[in-house]
Amino acid sequence: MDEIEELDSKYHLSYQEKLQLKKAKSDLEMWGKGPLSSLLDQGTIEKASSGQRAKLVLVQVEKAMAEERKRATDYHDFPPPRITLQKQKELFTTGDRLMGRCPCPRDGELTRCCNLHTLDAVEQCAFACSYCAVQSFYSENQIKVVENLKERLSVVDIPDGTWHIGTGQASDSLLWGDDYGTLTALKVLANRYPDKIIELKTKSARTDWITDDWPKNIVATWSLNAETIVEKEELLTASLESRIHAARLAADRHIPVGFHLHPMVFFDGWEKEYAEVVSAIVRNFKPEEVMMVSFGTLTFTKGVLKTLRERKRPSRILDMELVPFAGKFSYPWETKRKLFSVAWNAFPQSWKQGFPFFYLCFEDPTLWQPVLGRSYPSNQAFEDDMRRSYLETARLFRKKD
């Protein structure tokens with residue numbers, strides 16, 4: 001008999017109580033913890049009146065789950081699930097909706113938004129990061145590639161207000177290299193619009209795309225994470241060391257690079273491991289080689305939370321305190337302050353003299369001052385400062401050539 005059916009037969013649970021217990025049971029199974037009975041004080045429940053026992057079951061489960069979520073996630077006894085890379089099917093599409101916008105809130109200024117626009121040349125990702133819902137947005141194992149992209153980007157008109165274009169929203173920007181001609185097409189666009197920054201974002205270690213004719217307004221950026229999170233939650237991606245090495249090879253060819261410590265995760269040992277990530281950046285790069293460094297953490301919509309739970313893949317990424325923020329769910333403010341401050345303070349002062357540009361991605365504006373020692377009164381002020389820094393870095397790279 002199912003565990004919840006047993007509890008129902010014993011304590012006569014209501015429909016809503018069963019729904020809540022099923023959700024808790026599903027989370028425990030995903031985390032590799034449980035069963036539900038391990039959270040219950042059976043003696044206290046049995047002493048209660050028969051009409052209160054069902055409610056007490058739910059109260060005890062919810063209290064235990066809340067206490068678990070508040071603790072730093074423990075990965076010591078969590079083996080990463082075995083996932084193999086499956087063959088991808090290719091589908092070439094017209095790409096009717098080529099350009100889009102980042103998912104920052106459009107109404108109000110709940111975050112500091114940089115006005116990033118997106119170019120979805122490829123949809124789908126072959127990596128298996130537990131916190132990412134990209135694989136669920138599109139058909140399983142099917143890569144959608146925009147056909148005739150080079151021809152389209154050679155004539156497309158980009159409005160003056162669009163200055164920063166990212167290609168890593170619907171897929172990993174460099175996982176596919178230039179297999180489908182997407183990077184060649186982006187070079188055409190970059191050369192047509194030298195005053196616009198095109199950002200590639202990746203968790204790969206692929207380097208065969210590196211060329212000497214690389215436009216200096218295309219920046220290659222790597223999402224970096226603590227080794228524990230790479231191993232346990234960023235499945236099939238390149239190792240931290242391999243990502244750093246790939247970025248170093250790009251910088252050696254005078255290609256602007258950047259780094260995103262995103263999503264930072266509150267886990268047992270996070271302080272030491274994120275300081276080591278920063279140390280790896282500082283050891284391998286000069287600040288003037290790096291266009292930007294961003295900090296950010298886990299954020300989920302209700303839909304993504306539902307998708308991750310329905311997937312039922314072993315993961316402890318949702319073993320966290322989920323607090324509403326800007327229409328999504330994330331860590332509490334104080335947890336974020338600790339995470340970002342450790343990373344920021346690990347950078348030496350020589351990295352805080354103008355280059356690279358540091359920022360918080362999709363975060364509460366009140367976090368900027370206590371973490372970075374600066375803040376912006378509006379989205380426009382943030383965007384203007386970022387644009388000035390990015391374009392100045394691109395200009396310096398052109399002078400090197």
Side-chain angles (χ1 to χ4, degrees), residues 3-4 20-36 38-39 61-62 64-86 124-138 140-141 168 171-172 175 203-204 223-240 243 260-270 273-274 277 296-323 325 328-332 335-336 339 362:
E3 188 175 17
I4 293 177
Q20 292 300 104
L21 290 176
K22 285 179 181 178
K23 180 179 175 182
K25 179 174 179 287
S26 176
D27 282 353
L28 289 173
E29 289 173 349
M30 187 188 309
W31 304 344
K33 298 185 176 184
L36 273 176
S38 67
L39 309 182
V61 167
E62 290 184 336
M65 293 291 284
E67 291 174 350
E68 168 64 28
R69 290 181 184 278
K70 288 180 180 179
R71 290 191 288 268
T73 305
D74 184 1
Y75 280 102
H76 294 96
D77 62 344
F78 180 75
R82 292 186 177 182
I83 294 180
T84 57
L85 180 62
Q86 299 183 12
Q124 190 53 282
C125 183
F127 293 146
C129 300
S130 61
Y131 49 79
C132 180
V134 166
Q135 300 97 324
S136 302
F137 293 157
Y138 308 114
E140 186 177 2
N141 300 326
S171 182
D172 184 285
L175 169 61
K203 292 187 180 80
S204 75
S223 293
L224 304 181
N225 222 315
E227 288 192 356
T228 291
I229 302 305
V230 173
E231 177 189 356
K232 309 280 189 172
E233 303 287 7
E234 295 185 350
L235 306 182
L236 303 181
T237 65
S239 67
L240 173 63
R243 297 182 206 181
H260 301 285
L261 275 70
H262 196 170
M264 297 184 72
V265 179
F266 183 57
F267 69 98
D268 187 18
W270 68 269
E273 291 199 31
Y274 282 118
V277 173
T297 189
L298 296 163
T299 58
F300 302 102
T301 64
K302 285 185 178 179
V304 170
L305 288 173
K306 183 174 182 288
T307 296
L308 298 185
R309 284 176 170 132
E310 288 176 347
R311 190 182 296 166
K312 297 185 182 298
R313 197 175 79 193
S315 167
R316 288 188 178 172
I317 207 66
L318 295 185
D319 185 359
M320 61 177 282
E321 194 172 2
L322 292 163
V323 175
F325 170 68
K328 297 186 179 184
F329 294 87
S330 189
Y331 287 116
T335 300
K336 294 183 176 187
L339 285 167
F362 201 90

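Nothing here was measured: the structure is a model prediction, and the numbers come from that model.
- Under the 3.5 Å distance criterion, the side-chain polar atoms of Glu234 are left unmatched by any main-chain donor or acceptor of Ile229.
- With rounding to the nearest 0.5 angstrom, the CG atom of Leu175 is 11.0 Å from the NZ atom of Lys203.
- Nearest heavy-atom pair, Tyr75 versus Glu233, reported as atom, atom and distance to 0.1 Å: OH-OE2, 2.7 Å.
- Under the 3.5 Å distance criterion, the side-chain polar atoms of Ser223 are left unmatched by any main-chain donor or acceptor of His260.
- Arg313 approaches Cys129 most closely through the heavy-atom pair NH2-C, 3.5 Å.
- Note on Lys25 versus Glu29: salt bridge recorded, some NZ/NE/NH1/NH2 to OD/OE distance being below 4.0 Å.
- With hydrogens and angles ignored, the 3.5 Å screen pairs no side-chain donor or acceptor of Glu3 with any backbone N or O of Pro35.
- Considering CG of Leu305 and NZ of Lys23, their distance stands at 7.5 Å, rounded to 0.5 Å.
- Distance check, rounded to the nearest 0.5 Å: CG of Leu298 to CE of Met320 gives 5.0 Å.
- A donor-acceptor pair is defined here as one N or O able to donate and one able to accept, closer than 3.5 Å; such a pair exists between the side chain of Arg69 and the backbone of Leu318.
- A donor and an acceptor atom, one from each side chain of Arg243 and Thr237, are located under 3.5 Å apart.
- The backbone N or O of Gly303 sits less than 3.5 Å from a side-chain atom of Thr307, completing a donor-acceptor pair.
- Taking every heavy atom of both residues into account, Thr301 and Val304 meet most closely at OG1-N, 3.1 Å.
- Rounding to the nearest 0.5 Å places NZ of Lys70 at 13.5 Å from CG of Asp319.
- The side chain to side chain donor-acceptor pair (under 3.5 Å) test applied to Thr73 returns no partner, not counting sequence neighbours.
- In terms of heavy-atom proximity, Ser130 sits nearest to Leu308 at O-CD2, 3.3 Å.
- For residues 72-83, the salt bridge (Lys or Arg N to Asp or Glu O under 4.0 Å) pairs, not counting sequence neighbours, are Asp77-Arg316.
- Under the 6.0 Å distance and 45° angle rule, Lys232 does not count as a cation-pi partner of Phe267.
- In plain terms, the two heavy atoms of Leu36 and Ala24 that are nearest each other are CD2-CB, 4.1 Å.
- Here the SG-CG distance, from Cys132 to Leu235, works out to 12.0 Å after rounding to the nearest 0.5 Å.
- Atom CD of Glu321 has more than 12 heavy atoms from other residues, nucleotides or ligands within 6.0 Å.
- Considering only heavy atoms from C-beta on, Phe78 stays 4.5 Å or farther from Trp31 through its side chain.
- Counting only distance, with no hydrogens or angles, the side chain of Asn225 and the backbone of Pro263 share a donor-acceptor pair below 3.5 Å.
- Looking at Tyr331, its side chain never comes within 3.5 Å of a backbone N or O of Val265 through a donor-acceptor pair.
- Taking NZ of Lys302 as the start and NZ of Lys306 as the end, the distance is 12.5 Å to the nearest 0.5 Å.
- Residues Leu28 and Leu39 meet the side-chain proximity criterion, which asks for heavy atoms closer than 4.5 Å.
- Annotation for Tyr274 and Met264: closest pair OH-CA, 3.2 Å, computed over non-hydrogen atoms.
- Counting heavy atoms from C-beta on, the side chains of Ser315 and Tyr131 never come closer than 4.5 Å.
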